[in-house]
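Heavy-atom basis, side chains included; hydrogens, waters and symmetry copies ignored. Atoms within each ligand, like the ligands themselves, are counted from 1 in listed order. These figures come from a predicted structure and were not determined experimentally.
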Amino acid sequence: MDIIKTPDAFQKQCWQWRAQGLRTALVPTMGFLHDGHRSLISHARKNADKVMVSVFLNPTQFAPNEDLDAYPRDFENDCRVATEAGADLLFAPDPAAMYTPDASTWVTVDGPSQGLCATTRPTHFRGVTTVVSKLFMLAMPCLAVFGQKDYQQLAVIRRMVRDLNMPIEIFGHPIVREDDGLALSSRNIYLTPEERARAPHLRKGLVRLQQAAVAGQRDTKALKADLAAYYAENIPLGRIDYIEIVDPESMVPQDTIRQKAVAAVAVYCGKARLIDNIEIEVA
Ligand code: PAF
């Protein structure tokens with residue numbers, strides 16, 4: 001696997017592969033790769049001739065009060081995971097190479113980037129969409145793979161690609177979980193043993209909510225209140241950031257579940273802010 005540090009060299013290689021008629025796939029990451037990322041890269045490997053992985057801890061999607069400095073890093077392990085999963089190229093630029101000091105262009109998406117995570121992280125999604133646009137312009141991949149754990153991020157990226165006619169197929173990979181149900185996340189490393197022991201209730205509560213909806217409870221206010229009570233009892237150390245039931249494409253909160261919806265949650269657990277979601281389909 002080649003490691004490339006400069007945007008110019010990355011773009012040259014990726015565009016060369018496209019010129020040769022190869023199908024290319026990009027897996028954008030912020031590093032500290034785990035088995036969730038491994039699955040994204042493996043999916044790309046099965047569906048493309050050339051696989052690029054970017055490892056870039058993007059400063060523009062963190063607010064000044066957030067965990068950019070504390071965010072875990074392990075570049076050696078990133079290289080190992082990417083190689084094992086079958087990447088051909090790893091792009092790991094310095095922030096200064098990605099953003100000139102006078103950079104003044106943002107890519108902002110309205111609609112799905114409102115509410116949920118944006119309520120407490122109002123500048124987060126414009127950082128994501130700006131860096132993902134830059135990565136797309138550099139790599140111009142046929143396919144890009146993202147995890148469904150960041151459900152809102154995926155909806156925002158899909159909307160951006162659609163609205164800007166970006167010729168890139170977006171694949172949302174199902175969430176990869178620990179055996180006890182906790183969604184894999186680089187931020188799980190922040191959890192104390194006590195918090196870690198409680199964290200699987202995030203998923204258990206969502207499954208209960210899904211079952212209640214399928215069994216006939218379609219009133220989202222009641223479903224959300226029940227989930228909040230479940231979390232208060234089972235994750236007493238946690239603080240709910242949000243519990244929402246939204247349309248899976250627009251991310252607009254729903255009063256009543258009709259056909260498809262997604263329940264999404266964010267809960268602060270000590271230093272970690274855990275997110276998870278579940279799709280709901282009712283007849
Ligand atoms: O999901 C992530 O890891 C990041 O938000 C992404 C998509 C790599 C952009 O920095």
Side-chain angles (χ1 to χ4, degrees), residues 7 10 25-41 43-44 51-63 66-75 77-78 81-82 85 87 89-99 103 105-109 112-113 116-118 120-139 141 143-161 164 166 168-176 183-190 251 264 266 272-277:
F10 178 52
L26 174 69
V27 183
T29 82
M30 296 204 299
F32 208 64
L33 302 188
H34 49 65
D35 283 350
H37 298 109
R38 194 188 287 273
S39 305
L40 307 187
I41 303 168
H43 177 87
V51 175
M52 299 86 78
V53 175
S54 61
V55 169
F56 180 58
L57 189 48
N58 174 37
T60 64
Q61 65 190 77
F62 290 79
E66 292 179 349
D67 61 341
L68 175 62
D69 293 338
Y71 198 89
R73 297 162 167 88
D74 187 346
F75 188 63
N77 184 59
D78 293 344
V81 173
L89 187 167
L90 188 135
F91 175 51
D94 287 331
M98 286 294 275
Y99 296 107
T105 304
W106 293 102
V107 177
T108 58
V109 176
S113 64
L116 290 92
C117 287
T120 45
R121 307 187 75 193
T123 56
H124 172 66
F125 286 115
R126 73 167 193 177
V128 171
T129 42
T130 300
V131 80
V132 170
S133 299
K134 285 166 73 69
L135 292 167
F136 283 178
M137 290 305 296
L138 292 170
L143 167 72
V145 185
F146 296 87
Q148 273 182 4
K149 182 169 72 69
D150 297 279
Y151 205 95
Q152 188 178 17
Q153 168 174 284
L154 186 59
V156 170
I157 290 168
R158 285 192 198 283
R159 180 67 63 93
M160 174 183 81
V161 164
L164 296 182
M166 293 176 169
I168 300 168
E169 179 189 333
I170 303 297
F171 180 76
H173 193 285
I175 300 176
V176 181
L184 296 192
S185 164
S186 303
R187 288 184 168 104
N188 290 351
I189 196 163
Y190 297 147
M251 296 285 113
R273 178 175 171 280
L274 303 176
I275 58 173
D276 204 343
N277 62 75

Enumerate the atoms of ligand 1 whose separation from the nearest heavy atom of [X] is less than 4.0 angstrom.
X      : result
Met30  : 3 (O), 4 (C), 8 (C), 10 (O)
Thr29  : 8 (C)
Gln153 : 1 (O), 2 (C), 4 (C), 5 (O), 7 (C)
Val131 : 9 (C), 10 (O)
Pro28  : 8 (C)

Nearest atoms (heavy-atom pairs only) where [X] meets [Y]:
X      : Y      : answer
Ala264 : Leu116 : CB-CD2, 3.7 Å
Pro93  : Phe56  : O-CD1, 3.5 Å
Leu184 : Gly36  : CD1-N, 3.4 Å

* Any N or O of Gln61 that comes nearer than 3.5 Å to an N or O of ligand 1? -> yes

* Donor-acceptor pair, side chain of Lys134 and main chain of Met98, under 3.5 angstrom -> yes

* Do any N or O atoms from the side chain of Gln153 and from the backbone of Phe125 form a donor-acceptor pair under 3.5 angstrom? -> no

